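Owing to the predicted nature of the structure, the values given are computational and were not obtained by experimental measurement.
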Amino acid sequence: MISQVQHLKTMIRTRFAPSPTGFLHIGGARTALFNWLFARHHGGQFLLRIEDTDRARSTQPAIDAIQDGLSWLGLDWDGDLVSQYSRADRHVEIAHQMVASGHAFRCYCDADEVDALRAAAFDEGRALRSPWRDRDPANAPDGAPFVVRFRAGDADMLVEDAVQGEVRWAAKEFDDLVLLRSDMSPTYNLAVVVDDHDMDITHIIRGDDHLVNAGRQAQIYDAMGWKRPVFAHIPLIHGPDGKKLSKRHGALGAEAYRDMGYLPEGLRNYLLRLGWSHGDQEIFTDAEAIAAFDMGGLNKSPSRLDLDKLSHINAHHIAQADDARLCELVTPFLEGLDGQIDDAALKADRIRNAMPALKTRAATLAELAQQAYFLVKARPFQLEGKLAKQLDETACARLNRLFTRLVETDAWNDAALASLLKQFAESESVGFGKVGQPLRAVLTGGAPAPDLALVMAVLGRDEVLGRIKDQLSPGI
RNA sequence: GGGCCCUUCGUCUAUCGGUUAGGACGCUAGGUUUUCAACCUGGAAAGAGGGGUUCAACUCCCCUAGGGCCUACCA
């Protein structure tokens, strides 16, 4: 029993804490991945908290999108999702405690006064301090609105960051930040600290846009006498041009990557190597990633999104993926392609049989659909340009003779068809190209496809003979 | 304006004072070849600039330049 309690105290607990103002974008996905990996590596827990204290900007669709994105990516969180907003009473309680202990105070400045104060502070190159931090609250105007501000410390601040190292600020850099708004609703920096403390979060991996917040938050931890978590601020992801990530180049939701045909494990693997490394290893299974992930591999410099590399990594994972699963995943991508046969069962059958060969040839599910298209394309094909040109008289005559051979053979399988084709080319005294090119044209209609023997084996005798017949002069 | 963070091939990165600065993507030459891929072999390609410290600096320190973040009663 006691050991269980101690275990809980020392257990690694991380969290992902997005604000629900949009979907799960690529940067958030990586942050979540790192927190998830770190927790799983240590046998700890990974929690999900929605930072919805800004009611005006928080939406349920966004909350759903974030959960869907994480689920799709395979980043499962422990316990129930925590709504920060629902914990507002607790945040207020802590704010009052800090007022009582002198670490916070009521500030009665109105908006104009604050603006003037801020402008003065700006000119002096320091952060805003409220005059009310030292005033007797008894002098407060009766019934006037106020906010609760934190009493910024007078000592310099040092934060030990697991990625950035020691980061220092002079005391004057910290303002008396608002803890409770005039409507007594808690603000971000208060809520984060209280929640992370209450949730026993031990390690906070987040974007380095929060680095300064770490200093502010550390002050609150110290004021409350709470143990500070380990902070790890990772650099942001930039666009391919090195500029801030915009929707134009990749600041898309996880579902957009799904719709482009990337596998969750492919995106995970790519994201893993963006800002983290483990020697020269590029390809990771989940087990390898969990075993290898640690803070030491985290990088300090920002990285850019590279869709080409994502595709390359994804290709590896498609080649490794289970055939049945790929058949299912490729279906929606196939639906977008025109002119297919109607027999769904037949389509599924052919694709299933061809999948082992197809999956080594595609970087995305969209490409996989392109690779599979020849299997389900409706006859007859319209051959144009180069394809039609390949079917000259000589080629047609040759295809005719091949047709006869195919009718006669009784071994309709990959290996037998391969040797049949080879022997046929020899008997015709021509190179394989003279046979293969026209045959490929009539069988695939120009669509990408694997080895011809395999193509014939998967298509089946009737379909193969039919496709050949379609392109030869009538009367054959 | 102030503060903080960052800077190795085009891109992702290895290097943790001594290496011909390695790998991967992309690019490129060639091979294989029945399309498209894949695959195999080879190639081009990097320490932002300037000062130090040191026998020795990509690595440590300083300055400059460039980039980023924060500077809200947003998160």
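R350(A) places a side-chain N or O within donor-acceptor distance of the main-chain N or O of L375(A), the cut-off being under 3.5 Å. Side-chain atoms of R57(A) never come within 3.5 Å of backbone atoms of T21(A) as a donor-acceptor pair (strictly under, hydrogens ignored). A side-chain donor-acceptor contact under 3.5 Å links E367(A) to the backbone of A363(A).
The pair E160(A)-R228(A) fails the salt-bridge criterion, with no side-chain N (NZ, NE, NH1 or NH2) lying under 4.0 Å from an Asp/Glu carboxylate O. Between E124(A) and K172(A) no salt bridge is recorded (no basic side-chain N to carboxylate O distance below 4.0 Å).
Two rings, from H210(A) and Y188(A), have their centers less than 6.0 Å apart. For F284(A) and W276(A), the gap between ring centers is short of 6.0 Å.
Relative to the ring axis of F424(A), R401(A) does not place its NZ or CZ within 45° and under 6.0 Å from the centre.
One interatomic measurement links the two molecules: CZ of R149(A) to P of A72(B), which rounds to 10 Å at whole-angstrom precision. When rounded to the nearest whole Å, the span between CG of D112(A) and C1' of C73(B) equals 14 Å. If you measure from atom CZ of F374(A) to atom P of U35(B), you get 15 Å, rounded to the nearest angstrom. D175(A) places its CG atom 16 Å from the P atom of C4(B), with the value rounded to the nearest Å. One can place NE2 of H238(A) at 19 Å from P of G10(B), the figure rounded to the nearest angstrom. Nucleotide U11(B) holds its C1' atom 5 Å from the CG atom of D306(A), rounded to whole Å.
Taking for each of E173(A) and D110(A) the nucleotide of RNA chain B with the nearest heavy atom, the 5'-most of the two is the partner of E173(A). Map P186(A) and R304(A) each onto its nearest nucleotide of RNA chain B; the residue landing nearer the 5' end is R304(A).
With centres under 5.5 Å and a plane angle under 30°, the ring of F122(A) is stacked against the base of G1(B).
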Heavy-atom protein contacts under 4.0 Å, nucleotides 14-24 of chain B, coded B base, S sugar-phosphate only, - none:
S-------BBB

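The base of C73(B) sits with one of its N or O atoms less than 3.5 Å from a complementary donor or acceptor on the side chain of S182(A).
Using a 4.0 Å cutoff on non-hydrogen atoms, no part of residues 381-394 of chain A comes near RNA chain B. The stretch residues 206-213 of chain A touches RNA chain B through D208(A), D209(A), H210(A), L211(A), V212(A), N213(A), each having a heavy atom within less than 4.0 Å of the strand.
Relative orientation of the Y262(A) and Y257(A) rings is tilted, given thresholds of 30° and 60° on the angle between their planes.
Among the atoms of the strands shown, only primed sugar atoms or phosphate atoms (P, OP1, OP2) are found under 4.0 Å from some heavy atom of P302(A). At a threshold of 4.0 angstrom between heavy atoms, the contacts of V167(A) are confined to the sugar-phosphate backbone, with no base atom among them.
Comparing the C1' positions of U19(B) and U8(B) gives an interatomic distance of 14 Å, to the nearest angstrom. C62(B) and C69(B) have their P atoms separated by 24 Å, given to the nearest Å. A distance of about 42 Å separates the P atoms of A57(B) and C39(B), rounded to the whole Å. One P atom belongs to A45(B), the other to C9(B), and the distance between them is 14 Å to the nearest Å. Only the P atoms considered, A29(B) is 16 Å distant from C36(B), to the nearest whole Å. When the P atom is compared between G51(B) and A38(B), the two are found 47 Å apart, to the nearest whole Å. Here, A44(B) and C25(B) have their C1' atoms 15 Å apart, quoted to the whole Å. Taking the C1' atoms as reference points, A37(B) lies 35 Å from U20(B), given to the whole Å.
Shown here, C36(B) forms no base pair; nothing in the strands shown gives a Watson-Crick or G-U wobble contact with both key distances under 3.5 Å. Base pairing of C58(B) is not made with any nucleotide, judged by Watson-Crick or G-U wobble geometry with both donor-acceptor distances under 3.5 Å.
For the pair M260(A) and L252(A), the minimum side-chain heavy-atom distance is below 4.5 Å. Using a 4.5 Å heavy-atom cutoff, the side chains of M98(A) and V148(A) are not in contact.
Taking only side-chain nitrogens and oxygens, R118(A) comes nearer than 4.0 Å to OP1 or OP2 of A72(B). Here T53(A) reaches the OP1 or OP2 of A75(B): one of its side-chain N or O atoms lies under 4.0 Å away.
Among D161(A), D208(A), N213(A), the one residue that satisfies the side-chain hydrogen bond (donor to acceptor under 3.5 Å, both in side chains) test with H233(A) is D161(A).
Side-chain atoms of V114(A) lie closest to C73(B) of the nucleotides C12(B), C73(B), C5(B). Side chain of Q437(A), nearest nucleotide from C4(B), U34(B), C36(B): U34(B). In the set U34(B), G67(B), G2(B), the nucleotide with an atom closest to the side chain of K172(A) is G2(B).
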Audit row: W132(A), F105(A), ring pair (Phe, Tyr, Trp, His ring centres under 6.0 Å) steps and yes/no
CA-CA 7 Å; W132(A) 286 94; F105(A) 60 92; 8.8 Å; no

